[in-house]
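Contents: one structure, followed by commentary.
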There are 2 protein chains.
Amino acid sequence: MLSQKTKYALKALLYLAQQDVNHISKTTDIAEAANIPKKFLEQILLDLKRGHFVGSKQGKYGGYYLLKSGNEITLADIHRLFDGAIALLPCASLNFYERCSDCTDESECLLRHGLMTIRDETLKAMKDITIASLVNK
Amino acid sequence: MLSQKTKYALKALLYLAQQDVNHISKTTDIAEAANIPKKFLEQILLDLKRGHFVGSKQGKYGGYYLLKSGNEITLADIHRLFDGAIALLPCASLNFYERCSDCTDESECLLRHGLMTIRDETLKAMKDITIASLVNK
DNA sequence: TTTAAACTCTACTACTCATATATAATTACT
DNA sequence: AGTAATTATATATGAGTAGTAGAGTTTAAA
């Protein structure tokens, strides 16, 4: 399941994607439109900025805007930024690999191979869902 | 990501699936073989019993055994029993549907449709992974 | 019938993480 | 200078995860 943070991030990105190009949206407007607690949204937008998905402008008439186009931002990207691995166990993850502490011999693990299959399927589906594809629905 | 509980449950089921038919395994043996804390495993096996995946025999020489054959137990089943919904948000879930509190009009939600697509893909993959398919690898 | 070995059940604890909130600082435009 | 916005850090809190403890119940063998 997605965390609230990831859900809010997606909603904020969807909001930004629906604005005119070059339009700068302030946090307050995004928060109201997408029904997100404002201070929480600030954190999320900062994270999105660090991930180079949005840019910001400070001061009066400042705010946030998309840095990439909607079809360059996939669900997989946002999931990884906020919720981390897409695989069901760290040992089956591409970007967040970690050994299981209870695993004596990974090569003998019956679980891992199946979980990597799931990961590939899920990842493929998640890469197909982009901010643009969601807006054009 | 899977919880430890789900991972342990899968490992326990894999262990049981590898025993001779009619063999009854005691918790201690499963715990040692699969490297699972025994008291924690007891809880998990009880949950699996309530889910009708395993049966038990009490008393001396008692223990646990598979109630269904390995190809009748899917990853989706076990995920739902321990970790709940397979969908990324409750509003996109088949078995654990719940409205989002921050959603004003579900039919207008741009996110939901895409998440249901992911759910269908993931679910299909998770139903294909069975205890039997994992053992025969 | 006693006893050991197993499951059953409830409650509890320690810890981590998610979800925010609060406050102060910085920046930029007018 | 004043205002309105982002940026940063710290804190609060509630829920969930992972695991432990202990008493009770059932069964089968001796």
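Chain identifiers are assigned alphabetically (A, B, ...) following the order of the sequence lines, protein sequences preceding nucleic acid strands; residue numbering begins at 1 within each chain.
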5' to 3' contact window, DNA chain D with chain B (heavy-atom distance under 4.0 Å)
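Range of nucleotides touched by chain B: D:dA18 to D:dA29.
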
Check the pair B:Leu66 / B:Val21 against side chain to side chain contact (heavy atoms under 4.5 Å, CB included), numbers first and verdict last.
CA-CA 9 Å; B:Leu66 282 190; B:Val21 253; over 6 Å; no

Pairing residues for A:Asp83 by the side chain to side chain contact (heavy atoms under 4.5 Å, CB included) criterion, not counting sequence neighbours:
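In terms of side chain to side chain contact (heavy atoms under 4.5 Å, CB included), with neighbours along the sequence ignored, A:Asp83 is linked to A:Leu2, A:Ser3, A:Thr6, A:His79.
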
Listed by chain and number, what are the side chain to side chain contact (heavy atoms under 4.5 Å, CB included) partners of A:Ser133, not counting sequence neighbours?
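For A:Ser133, the residues satisfying side chain to side chain contact (heavy atoms under 4.5 Å, CB included) (neighbours in sequence not counted) are A:Ile129, A:Thr130.
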
When you compare the side chain of B:Asp29 with that of B:Gln19, does any pair of heavy atoms fall below 4.5 Å?
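Not touching, per the 4.5 Å side-chain cut-off.
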
Do B:Ile86 and A:Met1 come close enough that some side-chain heavy atom pair is under 4.5 Å?
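Sidechains of A:Met1 and B:Ile86: no contact.
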
Main-chain N/O of [Y] paired to [X] side chain as donor or acceptor, under 3.5 Å:
X	Y	result
A:Gln43	A:Lys39	no
A:Glu121	A:Thr117	no
A:Arg119	A:Ala92	yes
B:Ser93	B:Leu89	no
B:Asn136	B:Ala132	yes

For the residue pair B:Phe82 and B:Leu48, what are the closest heavy atoms and their distance?
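Taking every non-hydrogen atom into account, CE1-CD2, 3.7 Å.
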
A:Ile73 versus A:Lys68, closest heavy-atom pair with distance:
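Minimum heavy-atom separation between A:Ile73 and A:Lys68: CG1-CB, 4.0 Å.
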
Listed in order of residue number, which residues of residues 11-33 of chain B have a non-hydrogen atom at under 4.0 Å from DNA chain D?
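None, since no heavy atom is under 4.0 Å.
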
Looking at residues at least two apart in the chain, or sitting in another chain, which of them share a salt bridge (charged side-chain N to carboxylate O under 4.0 Å, His left out) with B:Lys38?
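Listed in chain order: B:Glu42.
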
Per the side-chain hydrogen bond (donor to acceptor under 3.5 Å, both in side chains) rule, what does the pair list look like for residues 95-105 of chain A, sequence neighbours excluded?
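For residues 95-105 of chain A: A:Tyr97-A:Glu106, A:Asp102-B:Lys7, A:Asp102-B:Lys11, A:Asp105-A:Ser107.
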
Residue pairs, two or more places apart or on separate chains, that pass salt bridge (charged side-chain N to carboxylate O under 4.0 Å, His left out) and touch residues 126-137 of chain B:
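For residues 126-137 of chain B: none.
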
Using a cut-off of strictly less than 4.0 Å between a heavy atom of the residue and any atom of DNA chain C, enumerate the qualifying residues of residues 93-102 of chain A by number.
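By residue number: none to list.
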
ring-ring contact (aromatic ring centres under 6.0 Å, His included) partners of A:Phe40, counting only residues at least two apart
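Checked A:Phe40 against ring-ring contact (aromatic ring centres under 6.0 Å, His included); matches are A:Tyr8.
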
Should B:Leu81 and B:Leu75 be counted in the same cluster of Ile, Leu, Val, Met, Phe, Trp and Tyr side chains packed under 4.5 Å apart?
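Linked within one cluster.
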
Heteroatom pairs (N/O) under 3.5 angstrom, protein to nucleotides 28-30 of chain C:
residue : atom : partner : partner atom : Å
C:dC29  : OP1  : A:Lys57 : NZ           : 2.9

Atom CD1 of A:Ile44 to atom C1' of C:dT21: distance rounded to whole Å?
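Value for this atom pair: 13 Å.
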
End-to-end axis angle, where each axis spans five pairs of the helix from C:dT1-D:dA30 to C:dT30-D:dA1, to 10°:
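The end axes of the helix from C:dT1-D:dA30 to C:dT30-D:dA1 are about 10° apart, to the nearest 10°.
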
Polar atom pairs between nucleotides 10-18 of chain C and protein, under 3.5 Å, N or O only, would you list them?
residue : atom : partner : partner atom : Å
C:dA11  : N6   : B:Gln43 : NE2          : 3.4

